[in-house]
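Below is one structure, written out as structure tokens, with a few remarks after it.
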Amino acid sequence: MEKEKNHILKEVTNSEYKWGFVTDIEMDTATVGLTEDTVRFISAKKNEPEFLLEYRLKAYKKWLEMEQPQWAHLKIPIINYQDIIYYAAPKKKKELSSLDEVDPALLETFKKLGISLDEQKKLSGVAVDAVIDSVSVKTTFTETLSKQGIIFCSFSDAVQNHPDLVKQYMGSVVPYGDNYFAALNSAVFSDGSFCYIPKGVRCPVELSTYFRINAANTGQFERTLIIADEGAYVSYMEGCTAPQRDENQLHAAIVEIVAMKDAEVKYSTVQNWYPGDKNGLGGIFNFVTKRGICKGSNSKISWTQVETGSAITWKYPSCILLGDHSVGEFYSVAITNNHQQADTGSKMIHLGKNTKSTIISKGISAGFSNNSYRGLVKIAKNATNSRNYSQCDSLLMGDKCGAHTWPYIKAENSSSIIEHEATTSKISEDQLFYCQQRGISTESAIGLIVNGYAKEVLNKLPMEFAVEAQKLLSISLEGSVG
Amino acid sequence: MLLNIKNLHASINGKEILKGVNLEVNKGEVHAIMGPNGTGKSTLASVIAGREVFDITEGEVLYKGKNLLDLPVEARASEGIFLGFQYPVEIPGVSMTNFMRTAVNEQRKYHGLDPLPSGEFLRMMEEKKQMVEITAKLNNRSVNEGFSGGEKKKNEIFQMAMLNPTLSILDETDSGLDIDALRIVANGVNKLRGPENATVVITHYQRLLDYIVPDFVHVLYEGRIVKSGGKELALELESKGYEWIKDSL
């Protein structure tokens, strides 16, 4: 049976090759499963240059040799990687020049998600690069941005139009063999966002990307690459929502950030993938590799994340502080409810002198969930006079959930200072009663208290996101008490 | 009758604290409940407000003619019951503005009203702040966090002014107050006094009653109200001490 399937697969892919994937695309979904042919299929489909196909194939081969990591405090069901469709695209008939040409059904979906690609969005100063089922449908603001030399486009477009930049930086922060999921992504990534801010340019708008999983059984393998050249600044926001699904969906993204001398990148995420139902059925598996490198001196990368979704989250946005006096920051709120599991944290690798990092992590666990902080602060021998401050707080709601903290600290010189603070608390009955006595319902009271607890992190988000995130925190904890 | 407590028995962890309390409060009245420590004064306040840790084993509490014990805490609050806490609770990261706006609007929602527009709400905050002579910036401070003892108590009266309750129960509002703060708090309470509302002041010193003059004084002792009278009862207690009550029983 398997043999026959492979045979058919081979025949289909080979025959497709003969036709060279020209315009009239009928097949917009890759066959189920992952083989070298799948990788070639995706690459060919996207009309990629040779170097990228080679990169993908190297990654695929590496992935075959690797095993899914087991060290996280997570119970991961067995994932059958041969049951996943690795590429799906909405049927694309022609190039789109305006919103009118976008499939109304797609626009409707965007509306439901509250993503507006229209004038309102433009007026509010947000450029949006929306990724739906792996292919960018519409990019706004590109022109305005390009006047300043800023490139903000889908990853596929960057591959076509700026292959040199892609070739130079892709994999320079997260190599394809970095970990199991990174290797998988590197082999089969579908699309994502690309951003380049040239020397001395301050990006005038918040750049945002909305990701979404749509077609059933389609894994999503986004790839984001952000490069801030010398003295550049950019604030980048990423938000996720996903509709209810019964079957688990795999999401393995990569985000790479490069900050050159004096550059600053702020990366904010509100992650709200479908977490599964009350009994832990369904939900997204989110295995993400996010890493930035402060390459030049005085550069700064700051990660802010609000994690409320996914059945399983495995994510450690990190900073490599290579340049002297560079700064890395990580601000995180992670909520888990019902049967959600999160193993998340940050890595700060100090290599340059006088480098500084801050980690503020706020975990909130409710229901039967498990919430773990896992972090590494490493100060290398030459990273003299470096500093780290870490604060990891856990808030527990109910007595069936768990909160765990695994901070790893490695200091190789004696002139650096590392501070670590951790607290675990419960929402007190007294606080709840105090709110309720003022007429505030239990759920609103929890929302208030939790938002207060997470305020330090929420304050780091861009305004628009902060409001959304506050609502999300309350919604995520609905029904968690009483 | 606004509040009618009949033969109320309440216990915590199997230990009976209230052993048959009877109390009637009408609109326009101020009642003082006095008594030594540990006789159930705060328990009585908590039970009226609806704190769940207490088990009501016997008796009933009617409020505006309805069974109060059936209502959840927040509904009691929206129905006009306010508890001034002996130990106001800190809520880190939640600004007073946000806290009060949520409270005011949730109570409005309970009564089928739309949320108060922001401008109007902030004006109201300013006005009520002046009433309780809060001069310091309050709006952006977290609820009770880093407040001095006096500030916390003033903040309770401020919230009372904001929520305009029908029945206020002030649980040892005078504890930990210096004489100036005491006067300010009492002034606030007096300003809020009216023919449509009632106040129950819980204290064990007569001092507060120099400022908030009660219509009735009750002595709570070992879970029962053992003596009731006019304001002169407080003075008598002050001079004779609680031993006098014990002995007369």
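Letters go in sequence order (proteins before strands), and every chain restarts at 1. Computed from heavy atoms alone, side chains included, the values below leave out hydrogens, waters and symmetry copies.
The backbone N or O of A:F433 sits nowhere less than 3.5 Å from a side-chain atom of B:E74 that would complete a donor-acceptor pair.
Using a 4.0 Å cut-off between a side-chain N of Lys or Arg and a carboxylate O of Asp or Glu, B:E156 and A:R438 qualify as a salt bridge.
When the shell of 6.0 Å around CG of B:N13 is examined, it contains 12 or fewer heavy atoms from other residues, nucleotides or ligands. Enclosure of atom NZ in B:K129 by more than 12 non-hydrogen atoms of other residues, nucleotides or ligands within 6.0 angstrom is indicated. The neighbour count for B:K64 NZ, taken as heavy atoms of other residues, nucleotides or ligands under 6.0 Å away, is above 12. Counted within 6.0 Å of NZ on B:K191, heavy atoms from surrounding residues, nucleotides or ligands total more than 12; the atom is thus considered enclosed.
Annotation: side chain of B:R51 is in contact with side chain of A:E429 (closest heavy-atom distance under 4.5 Å). Contact annotation: the side chain of B:V94 never approaches that of A:N451 to less than 4.5 Å [non-hydrogen atoms, C-beta and beyond].
B:P165 does not touch chain A: none of its heavy atoms, backbone or side chain, sits under 4.5 Å away. Proximity to chain A is absent for every atom of B:E79, based on heavy atoms less than 4.5 angstrom apart. Of the atoms belonging to B:Y110, not a single heavy atom falls under 4.5 Å from chain A.
Ranked by heavy-atom pairs shorter than 4.5 Å toward chain A, the options B:V143, B:V53, B:N144 are led by B:N144. Of all the listed residues (B:L83, B:N98, B:V104), the one sharing the greatest number of non-hydrogen pairs under 4.5 Å with chain A is B:L83.
When all heavy atoms of B:I91 and A:C435 are compared, the closest pair comes out as CD1-SG, 3.6 Å. Scanning all heavy atoms of the two residues, the minimum distance from A:Q431 to B:P92 falls at NE2-CD, 3.6 Å. For B:A77 against A:Q437, the heavy-atom pair with the smallest separation is CB-O, 3.0 Å.
Atom CG of A:L432 and atom CD of B:E52 lie 10.0 Å apart (nearest 0.5 Å). Rounded to the nearest 0.5 angstrom, A:S444 OG and B:K109 NZ are separated by 6.0 Å. Distance check, rounded to the nearest 0.5 Å: NZ of A:K455 to OG of B:S142 gives 5.0 Å.
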Worked verdict on B:Y87 versus A:Y434 for ring pair (Phe, Tyr, Trp, His ring centres under 6.0 Å): CA-CA 10 Å; B:Y87 303 108; A:Y434 193 72; over 10 Å; no
